[in-house]
Structure formats: C-alpha cells, structure tokens
2 protein chains.
Amino acid sequence: MTNTTLKLLAQQLQLSISTVSRALKDHPDIAASTKAKVHALAQSMDYEPNAYAIQLRTQNSRILGVIVPAISNLFYDSFISAVEEESRKHNYALMIMQSSNQPENELNNLKIFRQNRVSGVFACLSSHPQNLEVYHKMNEREIPIVFFDIVPKDNRFTKVRMADERCATIAAEKVIQRNGKKVLAIFGDPGLSISQKRKNAFQTFMESYAPKIHVTYANASSSLEAGELIHKQYSKTQKFDTVFCMTDEILIGVMKAIQALNIKIPNEVGVITISNGFIPNLYYPKICYVETSGYELGKLAFVQMMANIKGGKTQTELTVDAKFVEGGSL
Amino acid sequence: MTNTTLKLLAQQLQLSISTVSRALKDHPDIAASTKAKVHALAQSMDYEPNAYAIQLRTQNSRILGVIVPAISNLFYDSFISAVEEESRKHNYALMIMQSSNQPENELNNLKIFRQNRVSGVFACLSSHPQNLEVYHKMNEREIPIVFFDIVPKDNRFTKVRMADERCATIAAEKVIQRNGKKVLAIFGDPGLSISQKRKNAFQTFMESYAPKIHVTYANASSSLEAGELIHKQYSKTQKFDTVFCMTDEILIGVMKAIQALNIKIPNEVGVITISNGFIPNLYYPKICYVETSGYELGKLAFVQMMANIKGGKTQTELTVDAKFVEGGSL
DNA sequence: CAAATTATATCAAACGTTTGCGAAACTATT
DNA sequence: AATAGTTTCGCAAACGTTTGATATAATTTG
C-alpha cells in the first residue's frame, strides 16, 4: 500500500494540489467548505505529510542532533531526557548518536547530521584532544552548535557546562564544616580537564581556608582502582576520616571497599561525592553529594539552542550551578 | 554560506548534474578522468549529499525509530546502545523518542516517525493497556515494526523479549540449590504482565519442586515500598533467610533496608535478583542475579529488523535467554 | 451597470537528487 | 568507407511539498 500524497487527495477531490495544501494548513484563501472536504478526506485516507518533501522545500529539517560519549550513562541520559522533553514541546525531533569517546565516531556522526541537514547539534567532545575544524566548518555553514559538559576552550562557540570548580569547592567547604581532619580526595583520569579543574579548585580551597587539615590526593580512573585505593590507605597507620569522590564511578569503588572492610559511615569515615544523585541514594545512609544535574544542563542547552537558531549568534559560556544535597554520610 | 549541491559542482565543471551524480558514485559510464575531477572539486567544496533529496527520490530514509518508556533507564539505555551500534554498522541513523509510559506520547512519536518515513521502528509498549490499531496500520503501510521487552499478545507482529518466565524459574532453582528455607519473594506492580509472568513461574516452580519451602509473596512498585517490606518482615519472629527481588528497583530498596538493619549478606540472609548486572555489582558482596541483558535484546531486535526490511514478514516471537551470574550474596 | 474589490482556486517553479533513455563521439570491424 | 559497437555524457522526468503570481468568479461600490 502506497502512502497518501497531496496529489492523490487532489485527484480524488478534483482540486489542485496547491488548494489541498493550503486547505490543510488553514490558509485564508480557501473556502471553509473546501477545507472541510479536504480535511475529511485527508483524515480518512490517513494522510501524513512527507517530512522529506517539506524539508527539501523549506530547507528546515526541525531535527536536532545530539552527540554523547555514551547513551548508557547516568549523566548523559538525563541530559538527553531533558533535551528530548524540550524538543517535543518545540516540535523538533531528535537524532542521537554516541561517540564512544572515539573522535572517529564523532566525525562520522557529524557527517550524518550534516547530510540530514539538522537544524542544530548538541555536542559533547570525546575526551581525547582533537581539532575543532569540523565544528568551525559547521559554524560557517550556519549550523548552530551547543557544546555541553566537555566543551572546547575556543570562545567562538556556545557552551553550557556544569560549574565544575564550584562543585569541588562546595565539597571542600562541607568537609571542613563537618570537621574532617584527614581527608582522602580521589580524582578521575588526570588527563581529563574536568579532573584537573576539580582538583585545582579543591586544593586551592583547602590550602587557603584550612591549611592545617591533612589531605591526600589520589587518582583513580575506574571503580576498581578507587576500591583498591581505599584498601591500601585504610591499612595504613595514618587512616583517613573523610573521603571525597570526584565522580559516581569512584564512589562506587569506594563504597564497595567500605562495605567489604565493614567501615561504618559516618561514624568511622565520612563520604562526600559529586553526582547527579542516583548512585548516592542507593546506599544507607544516603551519601552526601554536590549535585550536577544532567537534566538541568539539558534544559539550559536547549534554551541556548533556540536562542542560537532564532537570534543568530550567542557566543557565551553558561554554567549550571551546583548545590549541596544532604545525606547521612558526613 | 549556502550548501554545495550537485548543480553547483556541475556548473563549476561544465558538466551535467547527472554526470556529476554518477561520477560521485563510481558509475561505470563515467570516464576515470572525469571522476577524478569531480571528486576533487566535491572534496574541496565540502559537498555533502542532501539526505532529504535522496530520500524523497529513492523513497528510502535509512532511519530507524526507537520508542522506549524512558531513555534514562539502565535496561533501555543498554538496549538503545546495542541498536545504535548495529545501526551504525549497517548505515542507518536512529531516531529515539521516549513515551514516558503515556500512550498519548507513544502515538505522537509514531506520527513523527511516519512523517519522517522511517524504514522501521522498534517499539516498547507503554505499560497501560491500549489498542494496537496504529501498529496495524503501519504494518499495512509496510513499515516494519519490531516490538521489544513489553510486547503485544497479537502474533501478527514481530517480537523480541526477555525470557521472563525462565528468569524467575532459574532464580527459584538457585534459591533451592543454596538451601533457602524461608524465602521472601518481592514482585513489581501486579498490573504489569511481566510481574504476573515472573510470579507465576516462580510460584509454579516452588510449589512443584520444593513444596516444603516457605515462600512469602509480596508486591512493591517502588524501592521505597520494597525497603519498608524488609523492615516489616524482618521484625517478625518468623524471619526470612533469602530474598528474591524481581527488578533492580526492588533490589535497591531491599539493599538499603538491609544496610540500615545491618544484616550480613550472605550469612544472615541471601539475596538474588533479576537484573542487567549494573546495580548488583554496586554492592559488596556482589549480588547474585539472573541476567536480562538489554544489550543482547538490542542486538537480537536489530537482526529481526533487518530480516523484516529485507525478506518481508518474519512474524515470530524470539526471546533472549537468561543466565545466572554468580555473586557472593547467596 | 461598469468598475473596483474580494473571495476562491489554479499555475508553475523550485528544493536536490536519481535514473531510464537517448545522443554524440570514438573505435573497431568488415 | 559504411556499419556496428563502445564509451562517455546530457535530457528530462519524477519524488511530495510550498508559495508567489495569476486567473476566474462572485460581490460590492459609486
């Protein structure tokens, strides 16, 4: 069975295609009686406008592209969720692709986006350093780009991200408020700029506001490593009384080790992390965290995208602020 | 800056549009020298074929639609992840929409898919009962549909799902093997067919293979409820020694309560669940689980989709088998 | 009642491709 | 040198819309 088209409707009704087209969109030129007939037939024949023809003609796809490192990720999927909600409201459809942190995939995805003439793309850089030429070319072609989370330094782009430094600073503040004396602070892959930012912020705050507190800095790019770290550090004579985790992944490793060692939270050690909240709420007591909401970021990104699409350029970097969420772990 | 088109290339090269088109796709009619020139110019002018024009002309969108209840979900996002991987390999793009379990959203998403003339759709029914007319109509229009996870009874459709009954049976088997005597079995929303299936399978197995074992059946549609259940049941004189959780959500509630009550796993109680593995691995000891892999399901769904697109109808219901994954909790 | 206005509907071009068919321009064959 | 066969390319229609310009009929106006 072939799809219903304007032409088909027109033939059935002995009208011209343009009349049918206008009737369906309530154009004032068309008589009410005609409109009624057209609508009725369209309904009964299950007419659905061909998006491709429309897009070809109008040069407006109403499709937005999203590139994330991975869909299967607590942070990014809440980002996507938010963007999808907004898109629906604004009558845009979404095309989602994952880069798996491979620049090669990222490029390929962008190509698909361009070939589909997306109206804009939300991009999260894959972690490895790369050149931004593609993005510049897309800018030249006037395809709006909103970078999120992992954003380039280049300030010719529109960017939204979490207030990474603030997160770490807030966490440090809380640690001090709760009387942490010997802190183990675990950060992620030191190659990532986000790790550097958070570590610097944490360190800066600690050094200036609480110079007498003893802080051990460590890296762990996986839960496994984070767990081992706890095991190792906890057997030392100089034990920590507080542990700060930079990410959910680290927290997971830490918590496993803490459960294995049967350490009591918060009596024996306090725990604080940066997270969107899902993982911290899996434990008893709930882990205290500084919230970084992918959802909020998504909403913000969408606003920026709309501004970009409508009003031309908005080359700014916006951050969504962090806030502390109380738990029972500190 | 306007996009490069075949016409533009043709003008520059003093060739016809059709020649340029054929040159770019290595058509044997075109001289090698011409091809070289065309390719060179296309390259330097960043020519990207317009997907809409192609799709309009060829009537083949190479886009697949996916409807999930929620993207932000451990199970579905691994499903999506798998489908996306395969799609990329087969040169399809993905359009992902979430229904939020609202039939209304589901219908709206389907409309968008139809208007975009998707080559096929992966659909997971929103939980509330609804009529399948839309899907039948799409079938008539020869849009392949592969239902996954929550599938309709109607066997005119292609379906893939987890072996729900098997999961529960395997879990029951293991509980008996590990000498559970007093089992607390917690199932999800009793309105959902998946809950019924799993409960029936569990119950049937228990009654026939281990009639002397005492099983308490309970429902909990949220982690919270599950947690309360544990608190209530554990204060009784007749305590349980094993708890079976039907889903991750239930497990989360259960584990929180267990941690709060400071119950030792597996010494005081054994725990087993049905899961894709992420949550069970968050704890120490790791929770034993019967694996339901969204990833595997995605792979299977894609195979079915390809079969459907190429070879016409494949009206079968396939299931991906469950397997037990060892942990330290039983 | 002729002229001007309004209401309604049609024409035709354009968006960027793909593709069957035909047209030159060569080359090879007798 | 005429014919047949190849190689290389162009013409033009079609995919399903949208939209400015235009045409026709109906209505109003002075």
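- The backbone N or O of A:H90 lies less than 3.5 Å from a partner atom in the side chain of A:R62, making a donor-acceptor pair.
- Among the heavy atoms of the strands lying under 4.0 Å from A:D29 is at least one base atom, whether or not backbone atoms are also near.
- With respect to the salt-bridge test (charged N to carboxylate O, under 4.0 angstrom), the residues B:K89 and B:E85 do not qualify.
- The side chain of A:I30 lies closest to C:dA9 when the candidates are C:dC11, C:dA9, C:dG16.
- At whole-Å resolution of the value, CG in A:D26 and P in C:dA9 are 13 Å apart.
- Rounded to whole Å, the distance from NE2 on A:H27 to P on D:dT17 is 17 Å.
- Using a 4.0 Å cut-off, no side-chain N or O of A:Y52 falls inside it from OP1 or OP2 of D:dA14.
- Within the structure, every side-chain polar atom (N or O) of B:K25 is placed at least 4.0 Å from both OP1 and OP2 of C:dT19.
- If you check every strand for non-hydrogen atoms under 4.0 Å, B:T5 touches sugar and phosphate atoms only.
- The base of C:dT10 sits within donor-acceptor range of the side chain of A:R22, with an N or O pair under 3.5 Å.
- Between B:T58 and C:dT18, a side-chain N or O to OP1/OP2 separation shorter than 4.0 Å is absent.
- Aromatic ring centres of B:F148 and B:F79 lie closer together than 6.0 Å.
- Between B:S21 and C:dT18, a side-chain N or O to OP1/OP2 separation shorter than 4.0 Å is present.
- Nearer the 5' end of DNA chain D, as judged by each residue's closest nucleotide, is the contact made by B:S18, out of A:N50 and B:S18.
- Atom CD of A:E48 and atom C1' of D:dT17 are 15 Å apart (whole Å).
- Look at CG on B:N60: it is 21 Å from P on D:dA14, rounded to the nearest Å.
- Computed from coordinates, the A:L24 CG to D:dT17 P distance equals 9 Å when rounded to whole Å.
- As rounded to whole Å, 13 Å separates atom P of D:dT19 from atom CG of A:L56.
- Of all the heavy atoms in A:Y135 and A:E106, the pair that sits closest is OH-OE2, 2.6 Å.
- Checking the phosphate oxygens (OP1, OP2) of C:dT10, a side-chain nitrogen or oxygen of A:T19 falls inside 4.0 Å.
- In this structure, the CG atom of A:N116 is 15 Å from the P atom of C:dG16, given to the nearest Å.
- Closest contact between the side chain of B:R57 and the listed nucleotides D:dA14, C:dA9, D:dT19 involves D:dA14.
- Residues B:N60 and B:R117 bring no donor and acceptor atom of their side chains to less than 3.5 Å of each other.
- Checked by atom type and distance alone, the side chain of A:T58 pairs as donor or acceptor with a backbone atom of A:I54 at under 3.5 Å.
- Not a single donor-acceptor pair, N or O on each side, falls under 3.5 Å between the base of D:dC11 and the side chain of B:S16.
- Contact check, B:Q59 against D:dG16: a side-chain N or O comes under 4.0 Å of OP1 or OP2.
- Between B:L6 atom CG and D:dG10 atom P there is a gap of 13 Å when expressed in whole angstrom units.
- Close to D:dC15, at under 4.0 Å from its OP1 or OP2, lies a side-chain N or O of A:K7.
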